[in-house]
Amino acid sequence: MAFCADCVKGFKHEGTAEGQWEEFGGVKSYVSIPPDGEYAKDTVILFLADLFGPQFINAQLLVDGFAKNGYKVVAPDYFNGDPAPENAFNPGVKFDVMKWFANHGPEQTRPPLDKVLVALKEQGITKIGATGYCFGGRYVFDLAFENIIKVSVVSHPTFIKAPEDLEKYLEVSKASLLINSCTFDERFPHESQAIADQVLGDGKFAPGYKREYFEGCTHGFAVRGDLTDPKVKAAKEGAFRSAVTWFKTKL
């Protein structure tokens with residue numbers, strides 16, 4: 001497993017978080033619900049963050065955005081209070097992502113995610129959609145393999161092996177899949193994108209498959225893109241809209 005330089009690059013977005021922190025199975029999670037309080041009480045969107053975790057304002061604004069579209073959204077802190085530091089963005093800061101990852105692998109991050117899932121089930125949640133960014137994209141695939149979730153969305157996912165994971169998705173998962181991809185992405189490059197289309201596209205995957213492509217954008221654009229760049233801003237918003245539409249039609 002490896003990261004790319006773009007996994008720890010990006011821009012902090014402006015805005016005010018409107019959700020709150022709650023605990024599920026003892027795991028702190030950022031939670032947002034529709035402003036009018038109206039949503040399906042048996043349904044949740046699981047927001048699986050990139051390395052910067054649900055503490056990052058960019059992630060919280062996205063969570064709030066999904067909530068404003070009619071869903072309860074839960075973003076578990078599966079990094080156990082120790083996400084990658086925001087100052088990794090800053091010029092001159094040397095953040096050793098692989099040293100960090102040594103204490104944030106599956107052994108450390110999957111157990112808190114499982115605790116949240118158990119707690120949600122105990123609360124009567126029967127339908128789960130998941131949206132994962134970078135690191136979180138791997139867990140979307142894993143939960144889809146286990147058929148814990150009904151709908152999958154990944155944006156510039158990390159740790160996806162092509163063709164192995166895509167062939168496994170076809171064979172074992174019943175969760176519809178949307179992939180938001182882009183031009184410059186070492187972790188999910190053009191070759192992997194093409195394999196995804198070949199394996200899952202053209203109606204081969206009955207629950208539903210779609211891949212969106214955002215020209216000229218870089219890994220991380222859907223959550224950490226430079227919003228002063230009109231092309232990146234449009235792509236970030238486009239990836240969000242495509243995810244909302246996917247949940248509306250599939251969840």
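Just so you know, these numbers use all the heavy atoms, side chains as well, and skip hydrogens, waters and symmetry mates. Everything quoted here is computed from the prediction, not taken from an experiment. We're numbering straight along the sequence, starting at 1.
Taking every heavy atom of both residues into account, L51 and W100 meet most closely at CD2-CZ3, 3.5 Å. For A175 against Y169, the heavy-atom pair with the smallest separation is O-OH, 2.9 Å. Taking each heavy atom of K150 and K250 in turn, the nearest pair found is CE-O, 3.5 Å. Minimum heavy-atom separation, G19 to D64: N-OD1, 3.5 Å.
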Does the side-chain hydrogen bond (donor to acceptor under 3.5 Å, both in side chains) test come out yes or no for Y71 and S32, once each step is laid out? CA-CA 8 Å; Y71 297 98; S32 195; over 6 Å; no
Does E237 form a salt bridge (charged side-chain N to carboxylate O under 4.0 Å, His left out) with K233? I'd like the steps, not just the answer. CA-CA 6 Å; E237 293 171 351; K233 183 175 187 291; 2.6 Å; yes
Verdict with reasoning, F56 to F52, per ring-ring contact (aromatic ring centres under 6.0 Å, His included): CA-CA 6 Å; F56 190 34; F52 297 94; 5.6 Å; yes
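By the 30° and 60° cut-offs, the orientation of the rings of F247 relative to F66 is perpendicular. Ring geometry, F3 versus F135: the interplanar angle falls under 30°, so the pair is classed parallel (tilted spans 30 to 60°).
Here the side chain of T245 pairs no donor or acceptor atom with the backbone of S242 at under 3.5 angstrom.
Clustering ILVMFWY residues whenever any of their side-chain heavy atoms sit less than 4.5 angstrom apart, transitively, puts L61 in a cluster other than the one holding F47.
For the side chain to side chain donor-acceptor pair (under 3.5 Å) test, residues two or more places apart in sequence or in another chain that qualify with Q20 are E22.
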Indicate every side-chain donor-acceptor pair of residues 4-17 with a distance under 3.5 Å to a residue at least two apart or in another chain.
from, atom 1, to, atom 2, distance (Å)
K12, NZ, E86, OE1, 3.3
H13, ND1, N58, ND2, 3.4
H13, NE2, G225, O, 2.7

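In this structure, Y213 has its ring center closer than 6.0 angstrom to the ring center of H190.
By the neighbour-count criterion of 12 heavy atoms within 6.0 Å, atom NZ of K174 is sparsely surrounded, having that number or fewer from other residues, nucleotides or ligands.
Hydrophobic clustering, defined by side-chain heavy atoms of Ile, Leu, Val, Met, Phe, Trp and Tyr closer than 4.5 Å, groups I33 together with Y39.
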